[in-house]
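Take a look at the structure below.
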There are 2 protein chains.
Amino acid sequence: MTQKLDAIFQALADPTRRAILVMLLEDDMAVTDVAAPFEISLAAISKHLGVLTQAGLIQQERRGRVKWCKLDPSAMHDAWNWMHGFGQFDQTDLDALELSVEALLSEPTAQK
Amino acid sequence: MTQKLDAIFQALADPTRRAILVMLLEDDMAVTDVAAPFEISLAAISKHLGVLTQAGLIQQERRGRVKWCKLDPSAMHDAWNWMHGFGQFDQTDLDALELSVEALLSEPTAQK
DNA sequence: TGGATCGTCAACCAAATGGTTGAATATCAC
DNA sequence: GTGATATTCAACCATTTGGTTGACGATCCA
């Protein structure tokens, strides 16, 4: 597990990679489209996507000549879980937490 | 903010540093005591503590010849907050969240 | 078939990282 | 003051990282 966390945090430590993740939050994207907003080479982006895939933060699927990238939140969740032990949540956090909980509780399938 | 997150995630990407943070969860510690369980040199631990301090994950305070290290959860919290947008929380998380919320709500000073 | 597009690979480079050792600086305790 | 303890500093080293460029293998389309 610690090796997995190494990879996840390492992947998250780069601003370009975090920006990519945020973009993928919006929608799945092809490699070329991921690269478009950045000034670095396509090969560099390709490497970043490799790092993210290795860390399990995204999944890549090839369809034809296009390789689609989609977010995989489960790895992020592992990191989140590890950090969770450290949080003494203050009021600000509490608000966010309550919103999350309430949203889930109000879903049709949810039950107390 | 992104530079701050760079530093935080970078700091968290090393297993030795994560282990140190877990140790400090238990109690504040002197540098030498932090170093004790590890096989690497004291100087290396000192560097790790520097990285953690730089990232804002711990605070160091010198008293006499001893430098005390204590956890500072606020930086962790920044990272946690960034990640929060990515989480589709499943039932397992919900349980943990509820516990946190309820614990806070049941504190004397807490109010709905 | 042939040209354009998508993406990776390989080789290379500079800078950062995690480690070492040995010397230096404070502080404490006698 | 002397010696032991706590911590950092400086110089060094090997490896990793994030980037480049140019060539390459697939795939689409006309």
Side-chain angles (χ1 to χ4, degrees), chain A residues 2-24 27-71 75 79, chain B residues 2-24 27-71 75 79:
Chain A
T2 89
Q3 285 165 253
K4 195 174 180 182
L5 288 176
D6 287 1
I8 294 170
F9 284 125
Q10 181 66 43
L12 293 176
D14 182 277
T16 302
R17 286 192 294 258
R18 285 201 309 279
I20 290 174
L21 291 175
V22 170
M23 290 166 58
L24 291 177
D27 219 339
D28 298 357
M29 297 178 80
V31 173
T32 306
D33 295 328
V34 169
F38 299 98
E39 290 186 341
I40 61 180
S41 69
L42 181 62
I45 295 290
S46 183
K47 279 194 195 175
H48 280 307
L49 291 171
V51 173
L52 289 169
T53 304
Q54 204 66 25
L57 288 160
I58 67 171
Q59 283 174 8
Q60 291 182 287
E61 178 196 357
R62 173 154 231 131
R63 270 205 300 278
R65 63 181 161 172
V66 172
K67 199 167 190 178
W68 292 92
C69 308
K70 68 187 282 271
L71 216 53
Chain B
T2 89
Q3 285 165 250
K4 193 174 180 183
L5 288 175
D6 287 0
I8 294 170
F9 284 125
Q10 180 66 42
L12 292 177
D14 183 278
T16 301
R17 286 192 294 257
R18 284 200 310 279
I20 291 174
L21 291 175
V22 171
M23 290 166 58
L24 291 177
D27 218 340
D28 297 358
M29 297 177 79
V31 174
T32 306
D33 296 327
V34 169
F38 299 98
E39 291 187 339
I40 62 180
S41 70
L42 182 61
I45 294 290
S46 183
K47 279 194 196 176
H48 280 306
L49 291 171
V51 172
L52 289 169
T53 304
Q54 203 65 25
L57 287 161
I58 67 171
Q59 283 174 8
Q60 291 181 286
E61 180 195 356
R62 172 151 233 136
R63 270 207 298 277
R65 62 181 162 174
V66 172
K67 200 168 191 177
W68 292 93
C69 308
K70 67 186 285 272
L71 216 52

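Throughout, a chain's letter reflects where its sequence line sits, starting with A, and its residues are numbered from 1. Computed from a predicted model, the values in this text were never measured in an experiment.
At C:dA4, none of the side-chain N or O atoms of A:R65 fall inside 4.0 Å of OP1 or OP2 (strictly under the cut-off). Put simply, B:R62 has no side-chain N or O that comes within less than 4.0 Å of OP1 or OP2 on D:dA6. When the side-chain nitrogen and oxygen atoms of A:S41 are compared with OP1 and OP2 of D:dT20, one or more of them lie within a distance under 4.0 Å. An OP1 or OP2 oxygen of D:dT7 is reached within less than 4.0 angstrom by no side-chain nitrogen or oxygen of B:S46.
Minimum atom distance to the side chain of A:T32 is reached by C:dC6, of the listed C:dG18, C:dC6, D:dG18. Of the candidates C:dG18, D:dG18, D:dA6, C:dG18 carries the atom nearest the B:D14 side chain, counting heavy atoms from C-beta on. Comparing C:dG19, D:dA6, C:dT20 by their nearest atom to the side chain of B:A43 picks out C:dT20. In the set D:dA6, D:dT20, D:dG18, the nucleotide with an atom closest to the side chain of A:Q10 is D:dG18. Here C:dT20 is the nucleotide among C:dA4, D:dT20, C:dT20 with the atom lying nearest to any side-chain atom of B:K47. Checking D:dT20, D:dT7, C:dT20 against every side-chain atom of A:I40, the shortest atom distance belongs to D:dT20.
Atom-to-atom, CD of A:Q54 to P of D:dG18 comes out at 14 Å; the value is rounded to the nearest Å. The separation between A:L42 atom CG and D:dT20 atom C1' is 13 Å, rounded to whole Å. If you measure from atom CD1 of B:I58 to atom P of D:dT7, you get 12 Å, rounded to the nearest angstrom. Separating the CD atom of B:Q60 from the C1' atom of D:dT7 is a distance of 10 Å, rounded to the nearest angstrom. When the C1' atom of D:dG19 is taken as reference, atom CD of A:E39 falls 14 Å away, rounded to whole Å. In this structure, the CG atom of B:L49 is 15 Å from the P atom of D:dA6, given to the nearest Å. Regarding B:E61, its CD atom lies at a distance of 14 Å from the P atom of D:dT8, rounded to whole Å. If you measure from atom NE2 of B:H48 to atom P of C:dA16, you get 18 Å, rounded to the nearest angstrom.
Mapping B:V31 and A:G64 onto DNA chain D by nearest heavy atom places B:V31 at the nucleotide closer to the 5' end.
Comparing the axis of the opening five pairs of the helix from C:dT1-D:dA30 to C:dC30-D:dG1 with that of the closing five pairs yields an angle of 30°, rounded to 10°.
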Task: Evaluation steps, side chain to side chain contact (heavy atoms under 4.5 Å, CB included), between B:Q10 and B:V51 - done: CA-CA 9 Å; B:Q10 180 66 42; B:V51 172; 5.6 Å; no

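A:A75 and A:I8 make their closest contact through O-CD1, 3.4 Å (heavy atoms, listed as atom of the first residue, atom of the second, distance).
At least one side-chain heavy atom of A:Q60 sits under 4.5 Å from a side-chain heavy atom of A:V31. Counting heavy atoms from C-beta on, the side chains of A:F38 and A:H48 never come closer than 4.5 Å. Under the 4.5 Å side-chain criterion, counting only non-hydrogen atoms from C-beta, B:E61 is not in contact with B:Q59. Within the 4.5 Å cutoff, no side-chain heavy atoms of A:V66 are placed close to those of A:T32.
Using a 4.0 Å heavy-atom criterion, one finds that A:A30 contacts the sugar-phosphate atoms exclusively. Using a 4.0 Å heavy-atom cutoff across all strands shown, A:R63 reaches no nucleic acid atom at all.
A donor-acceptor pair under 3.5 Å links the side-chain atoms of A:T53 to the main chain of A:L49, judged by distance alone. Although no hydrogens or angles enter the test, the distance criterion places no donor-acceptor pair under 3.5 Å between the side chain of B:R17 and the main chain of B:L12.
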